**Student:** 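Please read through the structure below; I'll follow up with questions.
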Amino acid sequence: GKLGQEADEQWQRLASVSEPVVTVYGAYDTGKSSLLRRLIVDSEVDVPEWLTISARHETFEVNEVTAAGCRLRDTPGFVAGADDARADMNTRLANTAVDLTDVAIVTVTPQLATAEFPALQELVRRGWAPGSLWFVISRFDEAGVDPESDLEGYRARGMRKTEELRHALELDENVPVYVVSQDFAQMAGSDRNPDPQIWEDFRSWDGIAELRDTLGNLGARGGGSLRAAAAQRFWRQSVDDALDGLRAELAMYLDHQTFSDEGLRLRQSWLAQLDALQNSADADLRGRVSETIGQAIDDQRDADAIQHSLQTTVDFWYALQEQNVE
């Protein structure tokens, strides 16, 4: 039905792309855009105008560029526990994009912020095929060890942070983790199209070469098997999402049913009480009228006196029944 049609329209957007689709995904300010810029520049491709580097939240939509034989996608940073409209929209855009990709590159900072981990743990559990989920510990020159003065210490800290990340997210051995310093000391800053020579002195240790080579190999061999795995992952996730929505809808309807059942029981109770009141009122009226007439006969009252007595009796009875009904 409609759910299947909407999901199929989403899938066709990925199925129509011939190159492997690689989506960079991560929380706000984890270096996604600067990582993409470095990969694009090192692939000798012009950096598109939509890619901006700054300390502010700049990415608000999913954008694409072809480099290294792949379709690279930038996504807005997701926000853990988003509670405003823009953050919620960015999170939904990012999650939709990472559902429709051959490869996901997840960026985290050297601090491995724990607030992001529940979302990342949920992502890891989606059943990624080997080679389709990569992690990047980004901007590692901010990890507290200067690689130019203590390269051994820098690499040791990188290994330690990699193990911390693997342990925290329970990553399988086939999930690669890259430690990179994509813009050491912010040499390129916010320049969108810097000269790649600016990073020449850092290439031996900044980790970009390994990531770029893996990306290039992916582009060279194509992503046929990964696309098939992406199809399974996407449709499985679509079914899970649909079931979650239906379960939530069912819970809402069950709440409504409980409320309606309680209302119906209350109404039935009221009707039973009203029936009892009516029966009691009928019997009480008959008794009072009979008693009044009998008393009037015994007292040999005239018609006017009898009528007055009956009116008084009925008025008293009516007031009593009105009070009972209220």
Side-chain angles (χ1 to χ4, degrees), residues 1-11 28 57 60-61 76 78-96 99 114-119 121-123 125-126 234-326:
K2 184 178 179 181
L3 286 176
Q5 292 171 359
E6 290 174 352
D8 190 53
E9 288 173 3
Q10 289 181 312
W11 171 251
Y28 164 64
H57 201 154
F60 301 109
E61 56 186 5
F78 74 82
V79 180
D83 58 359
D84 65 87
R86 172 170 284 183
D88 180 64
M89 179 186 69
N90 288 343
T91 299
R92 285 189 286 107
L93 284 172
N95 288 337
T96 299
D99 281 340
T114 55
E116 306 161 13
F117 275 21
Q121 287 168 336
E122 193 278 331
L123 179 72
R125 288 193 289 265
R126 291 187 185 178
F234 171 77
W235 286 107
R236 183 168 54 243
Q237 188 63 39
S238 295
V239 171
D240 286 344
D241 291 344
L243 286 174
D244 287 344
L246 290 170
R247 290 188 185 104
E249 202 172 339
L250 176 61
M252 179 185 68
Y253 290 146
L254 289 174
D255 285 343
H256 291 176
Q257 180 186 11
T258 300
F259 181 80
S260 298
D261 287 345
E262 290 174 354
L264 180 60
R265 284 193 295 271
L266 186 60
R267 179 180 181 276
Q268 290 169 337
S269 173
W270 287 342
L271 290 175
Q273 292 178 66
L274 287 171
D275 284 343
L277 283 175
Q278 181 174 344
N279 293 333
S280 174
D282 288 346
D284 187 44
L285 180 61
R286 286 194 298 270
R288 290 179 185 277
V289 168
S290 177
E291 182 181 356
T292 299
I293 291 177
Q295 189 66 44
I297 292 173
D298 291 343
D299 294 344
Q300 296 183 346
R301 300 174 189 169
D302 59 21
D304 289 341
I306 293 174
Q307 183 176 353
H308 177 73
S309 297
L310 284 173
Q311 187 64 53
T312 301
T313 297
V314 170
D315 288 346
F316 178 81
W317 171 86
Y318 184 83
L320 179 63
Q321 301 314 317
E322 189 175 37
Q323 181 180 355
N324 289 339
V325 170
E326 288 177 357

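Quick note: residue numbers are just sequence positions, from 1. This is a predicted model, so every value here is computed, not measured.
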**Student:** Would you say W235 and W11 make side-chain contact, with heavy atoms under 4.5 Å?
**Tutor:**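 Touching, per the 4.5 Å side-chain cut-off.
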**Student:** Give the table of side-chain donor-acceptor pairs shorter than 3.5 Å for residues 276-293, with sequence neighbours excluded, one pair per line with atom names and distance.
**Tutor:**
unit_1: N279; atom_1: ND2; unit_2: D275; atom_2: O; d: 3.2
unit_1: D284; atom_1: OD1; unit_2: R288; atom_2: NE; d: 3.1
unit_1: D284; atom_1: OD2; unit_2: R288; atom_2: NE; d: 2.9
unit_1: T292; atom_1: OG1; unit_2: R288; atom_2: O; d: 2.8
unit_1: T292; atom_1: OG1; unit_2: T313; atom_2: OG1; d: 2.8

**Student:** List the atom of P76, the atom of A94, and the distance in Å for their closest heavy-atom pair.
**Tutor:**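 Closest heavy-atom pair between P76 and A94: O-CB, 3.3 Å.
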**Student:** How long is the span from the CG atom in D240 to the CD atom in Q237, to the nearest 0.5 Å?
**Tutor:**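 It is 5.5 Å, given to the nearest 0.5 Å.
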**Student:** State the CG-CZ distance between L274 and R267, to the nearest 0.5 angstrom.
**Tutor:**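 Rounded to the nearest 0.5 Å, the CG-CZ separation comes to 10.5 Å.
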**Student:** Under the side chain to side chain donor-acceptor pair (under 3.5 Å) rule, collect the residues that match up with Q10, sequence neighbours excluded.
**Tutor:**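 Expected list: none.
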**Student:** When rounded to the nearest 0.5 angstrom, what is the spacing between CZ in F78 and CG in N90?
**Tutor:**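 F78 atom CZ to N90 atom CG measures 12.0 Å (nearest 0.5 Å).
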**Student:** With heavy-atom distances below 4.5 Å as the criterion, would you say the side chains of S309 and Q295 are in contact?
**Tutor:**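 S309 vs Q295: side chains apart.
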**Student:** Just jot down the side chain to side chain donor-acceptor pair (under 3.5 Å) partners of R92, sequence neighbours excluded, or say none.
**Tutor:**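 For R92 the side chain to side chain donor-acceptor pair (under 3.5 Å) partners, ignoring immediate neighbours, are D88.
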**Student:** List the residues meeting side chain to side chain donor-acceptor pair (under 3.5 Å) with E122, not counting sequence neighbours, and say none if there are none.
**Tutor:**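 Residues passing side chain to side chain donor-acceptor pair (under 3.5 Å) with E122: R126.
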**Student:** Can you give me every donor-acceptor pair (side chain of residues 251-266, partner residue at least two apart or in another chain, under 3.5 Å) with its distance?
**Tutor:**
unit_1: Y253; atom_1: OH; unit_2: E249; atom_2: OE2; d: 3.1
unit_1: T258; atom_1: OG1; unit_2: L254; atom_2: O; d: 3.0
unit_1: S260; atom_1: OG; unit_2: H256; atom_2: O; d: 2.9

**Student:** If a pair satisfies salt bridge (Lys or Arg N to Asp or Glu O under 4.0 Å) and one of its residues is in residues 308-326, list it, with sequence neighbours excluded.
**Tutor:**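 Sorted pair list comes back empty.
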